[in-house]
Amino acid sequence: MPELKKLTFENLAHLMERCGLLSRDQLRDVLVRGKAQEARLFSGRHVGATRRTGTGSELSSPAEILSSLHSEIKGTQGILLTEDIITEALASATGLPYFKIDPLKLDLHVVTDHIPRPFALKNMIVAVEESNGVITVAVADPFNEALVSELALARRLEIKRVLSSKSDILKILREFYGFRASVVAAEAEASTSIDLGNLEQFFKLKGHQELEGTDTHVVSAVEFLLNYAFDQHASDIHIEPKRETSLIRFRIDGVIHNIHVIPKPLHAPIVSRIKLLSRMDLAEKRRPQDGRIKTNFNNKDIELRVSTVPVAFGEKVVIRVFDPDILLQDLDSMGFYPRELALYNSFLRRPNGIILVTGPTGSGKTTTLYSSLRSLSSPEINIVTVEDPIEMVMEEFNQIGVQQGIGVSFDSILRNILRQDPDIIMIGEIRDRATAESAVQAALTGHLVLSTLHTNDSAATIIRLLDLGVPPFLISATLLGVVAQRLVRKICPQCKKSRILTADESAYLQLPDAPHVVWEGEGCKECRGTGYRGRSGLFEVLDMNDRLKALVAGSVDLAAIVEAARQEGLVSLREIAISKMLEGVTTYEEVISMTG
Ligand SMILES: [Zn+2]
């Protein structure tokens, strides 16, 4: 193997062929297409001559160009040669350890304290770990040894090099240095103008008029934080004041991760900025408030629902991120089994009646409702939603927010909107008798009504309606069907391994015909060591057919309803969860934690 001395596109392509990732024919093809790509980028550089950094660092690297050609790995069907795989191969050829950067595991101080930003950006390097005085520096070019020794000498550091992809390094440089710069500047500003210990005074001195105009560093710190959360697909952002610090945490796939610890004096300005963006009352700090922010990330609108609550050491902020890609899905990609999906679609096609979606908080009910409405929406259909609060603002629906404080309740809105001639009505949640009655009234007068209820399974929903005072004959006259749903975490495809269910586990799930093969994730870089990536819905669908209608109209008995529903083909959430486990979608542990 000829010695590799310089990182050029040509060298890299040949290396891929030598390690067996590309065939000879592929190599020839890649060389031709890569050269053309390089030439295009090169001419692009001259056109956009006024580049901000003035260095070539942000131009595509050989590995980026190679991965942009979307070549298949030799002998595979459809597995692409990605920048990560190329980098891993390059690492092994040059003897450097390969390092997949996990932004959630990086420490802001380690990243930003040792290497000045311009130097890092110019040379595409980033400090990723520090232990016992040794700094681990990720580099994109394995042949920049001299440069790193220079840095070690100049800053009196002991440096160990590892190889990472340029895209990963650049992402960290942008996110961390930006955030760091904002925090440092804001800290400096806060400490020169006020007594750090006295945040009350801070606000008295500055007032919110001034806060708005001057704290540009706080503004950019918040912006970086939000973008970072979107990039990590966080569903919630928590900003929690502690005695000495403020803790920033993200929820990703249902699990909370600690992200940053920021100095306490910055907590209040950051909270103020968020409150300002969500149009809350800045002066009000003793009562909980709600607001929303509409923003844009990677050319898609993202809606944030913000709430503040006073806690012992200040105001705690929780931001829920409503990503339209998650909130609006195709019904057939949400995890329904074919039988359940067909039933549910048959409910949606009915001209009038009530469809209920049930499950605990966080089980994805809103996603199901919004996605259903989206599938029904067309210019000639008038869809009205009544929500508390409006989860996500969507142009094709007429959405009305409940405001209990001023007497605008679910049932008062419902009475009014019936005059506005809606075809389909979505009620955020049926919580009380008046709302239940309005829903029934709407269904009886020819509307399709979709709503949610807080119950555990589909049959229990009927009992809950009775408890809310809906007479049995009206339930059987209006209810089309009930969907009970849950979310389970999906096994990470990258580190999925099979095992045999133990005899005890099989017995616990009452599974006959042991042994059974199940799967679980061992934990890898892609899933941050959790073994899970993304979530899948489980849907139990109860069809209110004639037999059930007759049963409900008589004397209602839960056991009899369940029995009849089972005979009519109802598959329970537990059975659906077990099927998903046996199919390798989720784990035994998820089934247990979901079914209790
Ligand atoms: Zn994994």
Side-chain angles (χ1 to χ4, degrees), residues 21 63 67 70 72-73 76-92 96-107 126 128-129 136 138 162-169 171-172 175 228-236 249-259 321 323 325-326 329 333-335 362 364 486-502 505 516-538 577-594:
L21 288 164
S67 66
H70 301 297
E72 262 177 30
I73 293 175
T76 67
Q77 273 167 350
I79 301 183
L80 296 182
L81 191 57
T82 60
E83 200 186 346
D84 279 344
I85 296 171
I86 297 165
T87 310
E88 222 172 328
L90 182 62
S92 127
L96 279 180
Y98 170 69
F99 188 91
K100 172 72 189 166
I101 300 180
D102 178 355
L104 294 185
K105 293 225 173 84
L106 295 186
D107 179 318
V126 63
V128 289
E129 271 172 19
T136 302
V162 292
L163 195 71
S164 298
S165 75
K166 203 201 95 179
S167 308
D168 281 359
I169 294 178
K171 203 153 105 184
I172 299 304
E175 280 167 6
Y228 187 37
F230 303 153
D231 193 58
Q232 296 297 319
H233 302 288
S235 60
D236 301 79
R249 309 201 289 166
F250 291 171
R251 183 183 297 279
I252 302 166
D253 287 341
V255 180
I256 287 264
H257 298 264
N258 287 358
I259 301 296
V321 180
D323 183 335
D325 288 352
I326 293 171
Q329 297 179 18
S333 68
M334 290 171 54
R486 297 287 189 282
L487 288 174
V488 287
R489 289 189 287 167
K490 288 198 282 192
I491 301 171
C492 169
Q494 249 71 33
C495 59
K496 190 170 173 177
K497 289 274 166 341
S498 64
R499 70 171 178 96
I500 304 291
L501 218 52
T502 66
E505 289 168 340
H516 294 278
V517 179
V518 293
W519 283 263
E520 57 199 16
E522 289 187 307
C524 69
K525 299 160 217 153
E526 297 299 324
C527 60
R528 305 180 184 87
T530 59
Y532 295 100
R533 267 174 83 191
R535 291 192 283 180
S536 172
L538 309 180
I578 291 170
S579 300
K580 296 246 168 178
M581 173 189 77
L582 294 174
E583 286 166 13
V585 175
T586 194
T587 62
Y588 173 77
E589 285 70 25
E590 281 290 283
V591 173
I592 296 302
S593 77
M594 186 225 87

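The first residue of the sequence shown is numbered 1, and numbering continues consecutively from there. No experiment lies behind these values; they were computed from the predicted model shown. Just follow the structure's listing: the first ligand is 1, and inside any ligand the first atom is 1. Hydrogens, waters and symmetry mates are skipped; everything else that's a heavy atom, side chains included, is used.
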Would you call I491 and V585 a side-chain contact if the rule is heavy atoms closer than 4.5 Å? no
What residues form a side chain to side chain donor-acceptor pair (under 3.5 Å) with Y228, not counting sequence neighbours? none
Pairing residues for S67 by the side chain to side chain contact (heavy atoms under 4.5 Å, CB included) criterion, not counting sequence neighbours: E83, I86
At a cut-off of 2.8 Å, what protein N/O/S atoms sit near the Zn ion (ligand 1)? C492 SG, C495 SG, C524 SG, C527 SG
Partner of I73 under side chain to side chain contact (heavy atoms under 4.5 Å, CB included), picked from T82, L80, I85, is I85
Return the set of residues passing side chain to side chain contact (heavy atoms under 4.5 Å, CB included) with Q329 (not counting sequence neighbours), or none when no residue passes. I326, S333, M334, T367, S371
Between T87 (side chain) and S164 (backbone), is there a donor-acceptor pair under 3.5 Å? no
